[in-house]
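Below is one structure, written out as structure tokens, with a few remarks after it.
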Number of protein chains: 2
Amino acid sequence: MTRDVFQGLADPTRREILTMIAHKSLNVNSVASNFDVSRTAIYKHLKILSECGLVVLQQQGRERYCEARPEKLNEVSDWVEQYRQIWTKRFDALDAYLMKIQAQKKTTAKPKKHGRKK
Amino acid sequence: MTRDVFQGLADPTRREILTMIAHKSLNVNSVASNFDVSRTAIYKHLKILSECGLVVLQQQGRERYCEARPEKLNEVSDWVEQYRQIWTKRFDALDAYLMKIQAQKKTTAKPKKHGRKK
DNA sequence: CATAAATGAAACCTTTTGGTTGCACAAATA
DNA sequence: TATTTGTGCAACCAAAAGGTTTCATTTATG
């Protein structure tokens, strides 16, 4: 199953897990021991994180090491960045509009009160 | 009620709404008309978005305009950025370790096969 | 070998999500 | 004034999320 990276980040426990294993890959039990919910609950979070590509689980003997995949976060920062561009363009358009108005004010004869442009 | 901005972004419909109103503020009905779910469903999404500060709803006559608040996205990019720093430092530490090993190799006498240091 | 450790997964439960329909109400309009 | 329009909100519902306990399985280890 594949899953949305935004959804993966939605849960605070999952974000904490990511921070934790960013420092150093840990096996499932080690990750779980840092939280006060059950190992199974943490395992489910890890599964979700791996389903959205933020984590890979590497078998090593009887343990499985959880390794962070921060490249996946690019999808998030890309979205935010693209969003900012839309937002910025919006103001560029407004600026352009205001400039145009300014230009018109200068080149147009000052109309009388109640005057009407052709 | 206040809400987590990551949770606000978790739903794809909500991200679409944000993109939509980034271009131009729209009233609730206009937003809803762009989706094929009910107006009430969109209203709920808008409520969630406003609860996490990504949107403000401005009353104007009988309409309510939905205005994007992209500053709130800083919380997201900040988190991602901070995360990348942790990740990067991790490799810096590894680099430092490898450099140290390299240095030791150079200064230590080449041991015999099966030889033991110290 | 017997046992402990690490994990995956099933079964189950409660709360949250995302959706619906229906109704009330204020603002605009014919 | 009567009616339409835009909206908020309650009640309800199904599915997903997040958690638990329990059990099976594989790998290390005394």
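Each chain gets a letter, A, B and so on, in the order its sequence line appears, and its residues count up from 1.
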* Asked: OP1, OP2 of D:dC9 versus side-chain N and O of B:Tyr43: anything below 4.0 Å?
  -> yes

* Asked: Would you say C:dA6 has OP1 or OP2 under 4.0 Å from some side-chain N or O of A:Asn29?
  -> yes

In this structure, how many angstroms lie between the [atom2] atom of [N] and the [atom1] atom of [X], rounded?
X       : N      : atom1 : atom2 : result
B:Leu46 : D:dG6  : CG    : C1'   : 13 Å
B:Phe6  : D:dA17 : CZ    : C1'   : 19 Å
B:Lys47 : C:dG19 : NZ    : P     : 16 Å
B:Asp4  : C:dT16 : CG    : P     : 15 Å
B:Glu51 : D:dC9  : CD    : P     : 11 Å
B:Asn27 : C:dA28 : CG    : C1'   : 14 Å

* Asked: Just one of B:Ile21, B:Leu49, B:Ile17 clears the side-chain contact (heavy atoms from CB on, under 4.5 Å) bar with B:Cys66, so which one?
  -> B:Ile21

* Along nucleotides 18-28 of chain D, 5' to 3', which nucleotides get a B, which get an S, and which get a -, given that the test is a protein heavy-atom distance under 4.0 Å? -> SBBBB----BS

* **Non-neighbouring partners of B:Glu67 that pass salt bridge (charged side-chain N to carboxylate O under 4.0 Å, His left out), sequence neighbours left out** => B:Arg69

* To do: With ring pair (Phe, Tyr, Trp, His ring centres under 6.0 Å) as the test, would you mind laying out the steps for B:Trp87 and B:Tyr83 before giving the verdict?
  => CA-CA 6 Å; B:Trp87 183 259; B:Tyr83 189 85; 7.1 Å; no

Side-chain donor-acceptor pairs of residues 34-44 of chain A under 3.5 Å, sequence neighbours excluded:
from: A:Asn34; atom 1: ND2; to: A:Ser30; atom 2: O; distance (Å): 2.9
from: A:Ser38; atom 1: OG; to: A:Ala41; atom 2: N; distance (Å): 3.1

* **Co-membership, hydrophobic cluster, residues B:Leu9 and B:Trp79, 4.5 Å side-chain** => yes

* **Sidechain-backbone polar pair: B:Arg14 side chain, B:Gln7 backbone, donor-acceptor under 3.5 Å** => yes

